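Atoms within a ligand are numbered from 1 in the order they appear, just like the ligands themselves. Remember, it's a predicted structure, so these values are computed and weren't measured experimentally.
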Amino acid sequence: LWFVDVVLTKETCQLLREPTFDNWQWEDEEMLVLMQQMYLELELPRKFDIEINILRNFLVRVYHNYNDVPFHNFRHCFCVTQMMFGMARTVNLAERIGDLETLILLTSCICHDLDHPGYNNIYQINAQTELALRYNDISPLENHHCSVAFRILEDPECNIFRNLSGEMFKRIREGMIRCILATDMARHNEIVNQFREVVPYFDRNNKVHVNLLSMVLIKVADISNEARPMNVAEPWLDCLLAEFFQQSDTEKLEGLPVTPFMDREKITKPSSQCSFIGLVLLPLFEALGSFFAELDPMIIQPVRDALEYYRRLNEATQPPRHR
Ligand SMILES: COc1ccc(NC(=O)[C@H](C)Nc2nc3c(cnn3-c3ccccc3C)c(=O)[nH]2)cc1
């Protein structure tokens, strides 16, 4: 794969800022150009002295370090990054928490699932895989994604931060580690609850507050498929279930505990999405919406609509309850 610098139309650049953007219409090479465009529109190369050819090398190297698995592939990484870009533009994130935090968040999204094997932490730990042993069962996947990211950044030809001071690089590294590790869903409630606590008295000069906001932002971007139009979101659910069922089939073959919400005999799409959106996704989005009100019409209302849609689907398809 090459970096082909195709010219993007004005209309494409407009669409790129919206949660309605349809990733399915774009080839791998085009997604790389769109990711370059996100850095350019946020003026990150100018502000952080990022040479454009180094940025292209970085994006191509990242691309080659994602695996061809049903869900956690490069296209997922693009969707997460595009959602973060749309939110950053909508709330003018650089104004709110600074350019450096914006650079950290965009780059963390790009790297957040690097070299994902398609088998989640529960499997890694139960099967005592190489990653579980290396990271002592502590967020093995997220630790690995982050480690792969900084291996890529060790190569001067791909190090987009190479013109920054050691001090600046240290701050970026610390921020990326925090953001990527925050995508471990096992920490979901801990992060959402801590964020809810600081919202009423949020202080943009308080590092802890800014860190919590950054973790919530990347979490929102990471699981935001249902904030998109149905024709964009639905295929992602099929990809996700394909990956989950592959894992539960393997767990059954290997005599490992089968993760309940992945068992093809146990779940239906409407029922699992109802509980996921109602119990996990909407509370997370509402917490962010309580801080950035401008995100409500953009991504939170679409999630409420998706919940409504799956509830109706669930009623229509549930076996009739005998009174
Ligand atoms: C608290 O940890 C959890 C909670 C829920 C889930 N997943 C689910 O409940 C089901 C399978 N649905 C689901 N899971 C989703 C979506 C988007 N990302 N995502 C996902 C993917 C991989 C790992 C974790 C999650 C939440 C989505 O739209 N639906 C997975 C982990």
Side-chain angles (χ1 to χ4, degrees), residues 19 23 66-67 69-84 109 112-126 131 139-142 144-145 180-195 215-249 251 257-285 287-288 299-300 302-311 313-314:
N23 73 93
Y66 274 91
N67 298 316
V69 291
F71 183 89
H72 289 101
N73 49 49
F74 177 73
R75 191 170 288 277
H76 165 66
C77 142
F78 172 80
C79 289
V80 173
T81 308
Q82 190 268 330
M83 183 59 72
M84 179 64 74
C109 286
H112 88 284
D113 272 333
L114 273 167
D115 194 31
H116 197 297
Y119 291 81
N120 74 358
N121 282 330
I122 297 169
Y123 175 84
Q124 301 297 324
I125 293 165
N126 287 340
L131 285 181
S139 303
L141 285 178
E142 292 73 21
H144 181 59
H145 304 321
I180 294 172
L181 292 189
T183 61
D184 182 351
M185 280 303 287
R187 297 178 54 201
H188 177 80
N189 293 325
E190 163 217 329
I191 293 169
V192 175
N193 292 336
Q194 283 178 1
F195 177 67
M215 290 192 278
V216 163
L217 280 164
I218 193 168
K219 278 183 54 62
V220 162
D222 188 21
I223 61 176
S224 62
N225 292 327
E226 289 298 345
R228 297 179 183 277
M230 189 48 73
N231 65 303
V232 176
E234 174 107 48
W236 278 115
L237 184 56
D238 293 331
C239 294
L240 179 64
L241 294 177
E243 194 169 295
F244 279 3
F245 292 160
Q246 200 168 352
Q247 173 174 325
S248 55
D249 290 350
E251 287 167 338
V258 178
T259 315
F261 59 75
M262 294 184 177
D263 191 337
R264 65 171 83 243
E265 269 94 47
K266 291 229 176 75
I267 73 156
T268 71
K269 277 162 58 168
S271 67
S272 80
Q273 281 305 79
C274 278
S275 47
F276 172 73
I277 298 173
L279 302 175
V280 179
L281 194 64
L282 191 51
L284 170 68
F285 274 59
L288 185 61
I299 52 172
I300 301 157
V303 170
R304 295 189 191 100
D305 299 342
L307 180 57
E308 206 34 53
Y309 167 79
Y310 281 110
R311 279 189 172 147
L313 206 59
N314 213 13

When you measure from the side chain of His72 to the backbone N and O of Gly118, does any donor-acceptor pair fall under 3.5 Å?
no
Please state which part of Trp236 comes within less than 4.0 Å of ligand 1, counting heavy atoms only: side chain, backbone, both or neither.
neither
When distances are taken from atom 11 (C) of ligand 1, the protein heavy atom at minimum range is Phe244 CE2, 3.3 Å
Among protein heavy atoms, which sits nearest to atom 5 (C) of ligand 1, and what does the distance come to when rounded to 0.1 Å?
Phe276 CD1, 3.7 Å
Considering non-hydrogen atoms of the protein only, which is the closest contact for atom 31 (C) of ligand 1, and what is the distance?
Phe261 CZ, 3.7 Å
The residue among Tyr66, Trp236, Phe244 that forms ring-ring contact (aromatic ring centres under 6.0 Å, His included) with Phe71 is Trp236
Under-4.0 Å heavy-atom contact with ligand 1, by part of Gln273 that carries it
side chain
Could you check whether any side-chain N or O of Asn73 sits under 3.5 Å from a backbone N or O of Val69, counting only pairs where one atom can act as donor and the other as acceptor?
yes
Checking heavy atoms under 4.0 Å, the part of Leu240 that sits near ligand 1 is side chain
Can an N or O of Ser272 be found at a distance shorter than 3.5 Å from an N or O of ligand 1?
no
Verify, without hydrogens or angle tests, whether Arg187 (side chain) and Leu181 (backbone) share a donor-acceptor contact under 3.5 angstrom.
yes
Pair His112, His76: side-chain N/O donor-acceptor within cut-off below 3.5 Å
yes
Could you find the nearest protein heavy atom to atom 2 (O) of ligand 1 and give me its residue, atom name and distance?
Met185 CB, 3.6 Å
Do the side-chain N and O atoms of Glu251 and Gln247 include a donor-acceptor pair separated by under 3.5 angstrom?
yes
Hey, does His188 sit under 4.0 Å from ligand 1 if you only count heavy atoms?
no
Show, in sequence, the C-alpha distance, side-chain angles and deciding distance for Met185 and Val280, and conclude whether the side chain to side chain contact (heavy atoms under 4.5 Å, CB included) test is met.
CA-CA 10 Å; Met185 280 303 287; Val280 179; 3.6 Å; yes
